[in-house]
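In this chain, residues are counted from 1 in sequence order. On a predicted model such as this, the values are computed, not experimentally measured, just so you know.
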Amino acid sequence: MKKILVICHDIPSMTVGATLPIYHLIKNLSNNYELSLICFDSNKYSIQELEPYLKNIHSIKIPQYLSIKDQLLYTLKNMITLDNIHTRSFLNYYYHKDMSNLIKTNVEDYDILITDMPMAFYTRNIEHNKIIYAFDAVGDYNYKMYEKAATLPSKIYWYLNYFKINRYEKAYDKFDSCIVVNDKDKKLLQRKLNVEITVVANGVDTNYFKNQNKDETKKLVFLGDMSTPPNNDAVKYFVEEIYPLILKRHDIKLYIVGRNPSNYIKSLSNDNIIVTGEVEDVRDYLGLNSIFVTPMISGTGIKNKILEAMSMELAVVSTSTGISGIDAVKNKEYLLADNPMTFAENVCELIEDDNLQSTIGENSRKMVIDKYSWIKASKKIDEIIKTIIND
């Protein structure tokens, strides 16, 4: 049996978008390969669910800081070494000399390496079969944030991020293959890379995300990590420009569900807007009477939260940015709205028409089952692995 070493920036979890694909990759490839994992451990997630699928697990504890100042101090403390200067670009929170040594001492025992984007610099100069699971074109996202930044400090911050990550992404050319989650990100990376880039769309565990309950009253739900700029931008856009139009016609509550709400998000809490923070099970907020809103105006990649909501048979109203990368049919499997008036009108139509809401929800679940399973995604990755190993 061939051996794969998976390298991840944290313990893979099915509750975190950044590690969700790695989590399912491990579960679905374990029947055909002997898998081992090397990762950091932020003490937030349990490895217990993945233990049956892994031959070996090596992890290094890493603190998680909510303060940018503390993150910067930790980063500087760990990165000022000759090894770091030689192997990677400037300022990386995930640099740790012990991790570098751990990977180097284990790599020869495996037929191929699969690493996520934050950990790519550890293996880019290692001569070995290797795949970079990049997910998104992050450099392009940072440049767009730089363009829209309103203040000089924020413009400097986002441009430095763009400069760093743009340089970092060029290292993907040292891998045998690069995986992204949609065609848009593939085209963006192809402008500067020569590596073979393959689109492997994210999937959904449709047995887990299956609706078992119906809300007593209708509500609006926005779901995501509430510390990220794209989600804050989306909520601000919705609350300031769309929600007031809806409230003129309907008294309906908005639930903002997700970990790490920013101070801005917390400040929105009132009788109509419920900010939950981190919840034990997001499915509790995705009952069949919920209307799922994704007013995204920035960000990259496939929005796992939309696929999960669709799997739960929820009617989704989304911007083009939100639905990007998801092969769904508008007006059948979701409603599209790229301006406040249209967005509000679509939401109100779903509030007023129970049949439309249930029909779109049913269609969207059928679409997810047909197109977005983790088993299909893993089979596509398996084909890439076999091509590299057999060459």
Side-chain angles (χ1 to χ4, degrees), residues 1-9 12 19-39 50-58 87 99-100 102-137 168-183 185-203 301-302 325 327 370-391:
M1 185 176 281
K2 299 291 186 180
K3 297 180 180 180
I4 299 176
L5 177 61
V6 180
I7 303 170
C8 193
H9 72 277
T19 61
L20 181 67
I22 298 293
Y23 173 92
H24 286 285
L25 177 148
I26 289 171
K27 289 188 71 172
N28 288 303
L29 290 184
S30 62
N31 288 331
N32 299 325
Y33 299 92
E34 183 182 290
L35 295 169
S36 294
L37 173 68
I38 290 179
C39 65
L50 289 179
E51 284 178 343
Y53 306 97
L54 293 164
K55 177 71 173 179
N56 298 297
I57 303 167
H58 303 284
T87 58
M99 176 60 74
S100 184
L102 178 60
I103 292 172
K104 287 176 181 177
T105 56
N106 280 277
V107 68
E108 292 304 324
D109 296 332
Y110 298 90
D111 297 287
I112 193 166
L113 317 177
I114 301 177
T115 178
D116 67 352
M117 179 267 191
M119 304 292 281
F121 66 93
Y122 285 112
T123 61
R124 68 179 184 180
N125 291 323
I126 294 176
E127 293 296 326
H128 203 80
N129 294 327
K130 54 184 186 278
I131 296 171
I132 169 65
Y133 209 147
F135 307 139
D136 311 327
Y168 186 95
E169 287 176 335
K170 290 177 181 177
Y172 298 171
D173 273 337
K174 297 189 176 182
F175 288 75
D176 297 286
S177 181
C178 174
I179 297 173
V180 295
V181 296
N182 65 35
D183 285 316
D185 291 281
K186 176 179 178 177
K187 290 174 182 176
L188 288 169
L189 288 177
Q190 279 180 325
R191 294 176 184 175
K192 59 185 175 185
L193 300 178
N194 296 312
V195 65
E196 182 72 25
I197 302 175
T198 305
V199 175
V200 179
N202 282 354
I302 284 182
D327 186 19
D370 182 51
K371 298 179 181 178
Y372 293 96
S373 76
W374 285 114
I375 293 174
K376 286 185 178 180
S378 298
K379 285 181 178 177
K380 200 164 184 179
I381 295 172
D382 190 17
E383 292 172 4
I384 297 171
I385 292 169
K386 287 176 179 175
T387 299
I388 294 171
I389 290 176
N390 295 330
D391 276 352

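- When side chains are defined from C-beta on, Asn56 does not count as touching Asn106, because their heavy atoms never get closer than 4.5 Å.
- The minimum heavy-atom distance between Tyr53 and Ser30, with the atom names listed, is CD2-OG, 3.2 Å.
- Between the side chain of Asp176 and the backbone N or O of Lys130 there is at least one donor-acceptor pair closer than 3.5 Å.
- Legend: residues meeting salt bridge (Lys or Arg N to Asp or Glu O under 4.0 Å) with Lys2, ordered by chain and number and at least two apart, are absent.
- Residues satisfying the side chain to side chain contact (heavy atoms under 4.5 Å, CB included) criterion with Ala171, sequence neighbours excluded, are Arg124.
- The shortest heavy-atom contact between Met1 and Asn32 is CG-O, 3.6 Å.
- Considering CG of Asn390 and CG of Asn129, their distance stands at 10.0 Å, rounded to 0.5 Å.
- In plain terms, the two heavy atoms of Ala137 and Asp185 that are nearest each other are N-OD1, 2.7 Å.
- By the side chain to side chain contact (heavy atoms under 4.5 Å, CB included) test, Ser378 pairs with Asn28, Leu29, sequence neighbours left out.
- Remark: Lys187 engages no residue in a side chain to side chain donor-acceptor pair (under 3.5 Å) (not counting sequence neighbours).
- The residue from Ile132, Leu188, Leu189 that alone fulfils the side chain to side chain contact (heavy atoms under 4.5 Å, CB included) condition with Glu169 is Leu189.
- Under a 3.5 Å cut-off, the side chain of Tyr133 and the backbone N or O of Cys8 do not form any donor-acceptor pair.
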Determine, stepwise, if the pair Leu25 / Ile381 fulfils side chain to side chain contact (heavy atoms under 4.5 Å, CB included).
CA-CA 8 Å; Leu25 177 148; Ile381 295 172; 3.7 Å; yes

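- Annotation for Val199 and Lys186: closest pair CG2-CD, 3.8 Å, computed over non-hydrogen atoms.
- Partners of Asp382 under the salt bridge (Lys or Arg N to Asp or Glu O under 4.0 Å) rule, at least two apart in sequence or in another chain, are Lys386.
- The environment of Glu196 atom CD is sparse: at most 12 non-hydrogen atoms of other residues, nucleotides or ligands sit within 6.0 angstrom.
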Show the atom names and distances, to 0.1 Å, of all donor-acceptor pairs under 3.5 Å that link a side chain in residues 109-116 to residues at least two apart or in another chain.
{"residue": "Tyr110", "atom": "OH", "partner": "Ser36", "partner atom": "OG", "Å": "3.0"}
{"residue": "Asp111", "atom": "OD2", "partner": "Lys3", "partner atom": "N", "Å": "2.6"}
{"residue": "Asp116", "atom": "OD2", "partner": "His9", "partner atom": "N", "Å": "3.2"}
{"residue": "Asp116", "atom": "OD2", "partner": "His9", "partner atom": "ND1", "Å": "2.6"}

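- Glu51 pairs by the side chain to side chain contact (heavy atoms under 4.5 Å, CB included) definition with Ile47, Gln48, Ile57, not counting sequence neighbours.
- Ring pair His24/Trp374 is parallel by interplanar angle, where below 30° counts as parallel and above 60° as perpendicular.
- Evaluation of the side chain to side chain donor-acceptor pair (under 3.5 Å) rule for Asp327 yields Lys371 as partners, not counting sequence neighbours.
- A distance-only check finds a donor-acceptor pair linking the side chain of Lys376 to the backbone of Asp370 [under 3.5 Å].
- The two residues Thr198 and Ser177 come nearest to each other via the heavy atoms OG1-OG, 4.3 Å.
- Remark: Phe175 engages no residue in a ring pair (Phe, Tyr, Trp, His ring centres under 6.0 Å) (not counting sequence neighbours).
- We find the CG-SG distance between Leu193 and Cys178 to be 6.5 Å, quoted to the nearest 0.5 Å.
- Atom CD1 of Ile131 sits about 5.0 Å away from atom CD1 of Ile179, to the nearest 0.5 Å.
- Taking the salt bridge (Lys or Arg N to Asp or Glu O under 4.0 Å) definition, one finds that Asp183 meets it with nothing, sequence neighbours left out.
- With rounding to the nearest 0.5 angstrom, the CZ atom of Phe135 is 7.5 Å from the CG atom of Asn202.
- Not counting sequence neighbours, the partners of Lys379 by the side chain to side chain contact (heavy atoms under 4.5 Å, CB included) test are Ile375.
- The minimum heavy-atom distance linking Tyr372 with Ala201 is given by the pair CE2-CB, 3.7 Å.
- The side chain to side chain donor-acceptor pair (under 3.5 Å) test applied to Tyr172 returns no partner, not counting sequence neighbours.
- The distance from the CD1 atom of Ile7 to the CG atom of Leu37 is 9.0 Å, given to the nearest 0.5 Å.
- Looking at Tyr33 and Ile385, their side chains come closer than 4.5 Å, going by heavy atoms from C-beta outward.
- Separating the CD1 atom in Ile103 from the CE atom in Met119 is a distance of 5.0 Å, to the nearest 0.5 Å.
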